[in-house]
Amino acid sequence: MRSQSTFSFDTPGDAERAAELRRVKALATLVLASTLALFVVAKWLLPVHPAFGFIAAFAEAATIGGLADWYAVVALFKRPLGLPIPHTAIIQSNQARIADKLGEFIQVHFLEAGPVEAKLKEIDFGSFVADWLRDRKRSDDLARFALRLLPEAFSATESSGLMTFIIRRMSSQLQAIDLAPLAAGTLRGFVAEGRHQILFDDLLRVMHETLNQQETMAMIREKVRAELPTLLRLYRADKFLVNKIVASATAFFNEVRSDPKHPFRGEFDRMVLSFVDRLGTDQAYIDRIDGLKRDLLARPELADLARTVCANTRSFIERSASGETQVLQHHLAGMFVAAGEALAGDVELRGEINKGLVTVLRSFVADQKSGVSTFISDQVKAWDMAQLISLIEINIGRDLQYIRFNGSLIGGLAGLVLYSVEFVLRLL
């Protein structure tokens, strides 16, 4: 059995409107009683003077008009005098039909695609979002709300097994990555931008500095001395040779470093590009890189690092949500404000947002309008009609009571005209 919906009668002004309705009802009833009394008195005084005939005709027709309109107003809401007269209590008797027709009317005339789309296009959703986000207080509230949800989201993710699924999915995706072509492409871009030459210059500088160190020169001298005949050792030829080797190498390094177009740089380019080509095509390199990838992903330290990062992240979010630290909240609020500022300055993006929302909302309304019609129909059918009728009377009953005044006046005037016509015809 459907439960009945109830209404609130404590809205502002209802008490005043109810009192005004009672006053107008009493006044309309008083007018009806007055016309009836005037009719009786005029009929009683008709022998005194013919003019009372006009008054009686007016009063009689006014009484009939007032009674007819009283009946019409009452029959709209209830049964006059409680009598089971057909076609009375119209609203109560047709509650289900009114409910269905109201839902159908709203579906057809308010939720059609054309009017809905036209109305949605009048709304600048992008500007509304931009202005909303640019308000610092609203952005702070949004950041605070998001932070309150994040700990629960973490807990739900862990308890549902979603985190394990995500980790496994990420691991499988990482395992599927072919690093050799990726590394080759990265290095090829590195060479194309000439950034490898900076590394080459650094290498030449390090070699220059290393050769000119006393320890390096002493080590080279010992190696040269060990290879020289005994006679040359006596003349200390090793020192001469080392100095010449170091000086020649230093001059060569300086020459290469100072000349961007030195042939040796070209040789270095060819050597690097040859390595890059082999890295992307040589199966031995590919297998070695894949092996390094598998070994790295299989390391327990990597899993421990992931768990530690996750735990630290959750702890930081929980502290931010509890208000222990405001860093993340301020950062999120700043991001929201910055997003609002960027959106406010980007007309094209706002237009795209508006188009997207219009499309989404139009489709949503089109899909749900039959459900809205059913919802409205069900709600109206569940209303307590006696209470609803009281609510309608409070709000429009005063105007309906004036129909009774008009009925008495118009009926009286019509009766007076007809009596006048009859009176003239009798004189002819």
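We're numbering straight along the sequence, starting at 1. This is a predicted model, so every value here is computed, not measured.
We find the CG-CZ distance between Leu343 and Arg134 to be 9.0 Å, quoted to the nearest 0.5 Å. Note that the CG atom of Asp367 and the CZ atom of Arg362 stand 11.0 Å from one another [nearest 0.5 Å]. With values rounded to the nearest 0.5 angstrom, Leu142 atom CG is found 11.5 Å from Arg138 atom CZ. Summarising the geometry, atom CD1 belonging to Ile353 is positioned 4.0 Å from atom CG belonging to Leu349; distances are rounded to the nearest 0.5 Å. Atoms OG and CD, on Ser363 and Glu117 in that order, are 9.5 Å from each other to the nearest 0.5 Å.
Counted within 6.0 Å of CZ on Arg288, heavy atoms from surrounding residues, nucleotides or ligands total 12 or fewer; the atom is thus considered open. In Trp44, the CH2 atom is not crowded: 12 or fewer heavy atoms of neighbouring residues, nucleotides or ligands sit closer than 6.0 Å.
Under the 4.0 Å criterion applied to side-chain N and carboxylate O atoms, Asp346 and Arg350 are not assigned as salt-bridge partners. The pair Asp141-Arg144 counts as a salt bridge, with a side-chain nitrogen and a carboxylate oxygen less than 4.0 angstrom apart.
Leu36 pairs in a side chain to side chain contact (heavy atoms under 4.5 Å, CB included) with only one of the listed residues (Leu67, Val41, Thr63), which is Thr63. Here the rule is side chain to side chain contact (heavy atoms under 4.5 Å, CB included) with Leu32, and of Thr29, Leu30, Thr35 only Thr35 fits it.
No side-chain heavy atom of Arg404 sits less than 4.5 Å from a side-chain heavy atom of Ser408.
Ring pair Phe405/Tyr402: centre-to-centre distance below 6.0 Å. Here the two rings, on Phe423 and Phe54, have centers that are under 6.0 Å apart.
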Report task. Go through the steps to decide whether Asp124 and Asn354 satisfy the test side-chain hydrogen bond (donor to acceptor under 3.5 Å, both in side chains), and finish with yes or no. Result -> CA-CA 6 Å; Asp124 190 352; Asn354 290 338; 3.0 Å; yes
Requested in this report: Could you walk me through whether Leu332 and Leu147 pass side chain to side chain contact (heavy atoms under 4.5 Å, CB included), step by step?
Outcome: CA-CA 9 Å; Leu332 282 176; Leu147 286 176; 3.9 Å; yes
Requested in this report: Give the C-alpha distance, both sets of side-chain angles, the deciding distance and a yes or no for side chain to side chain contact (heavy atoms under 4.5 Å, CB included) between Leu21 and Lys25.
Outcome: CA-CA 6 Å; Leu21 175 61; Lys25 273 186 175 182; 4.3 Å; yes
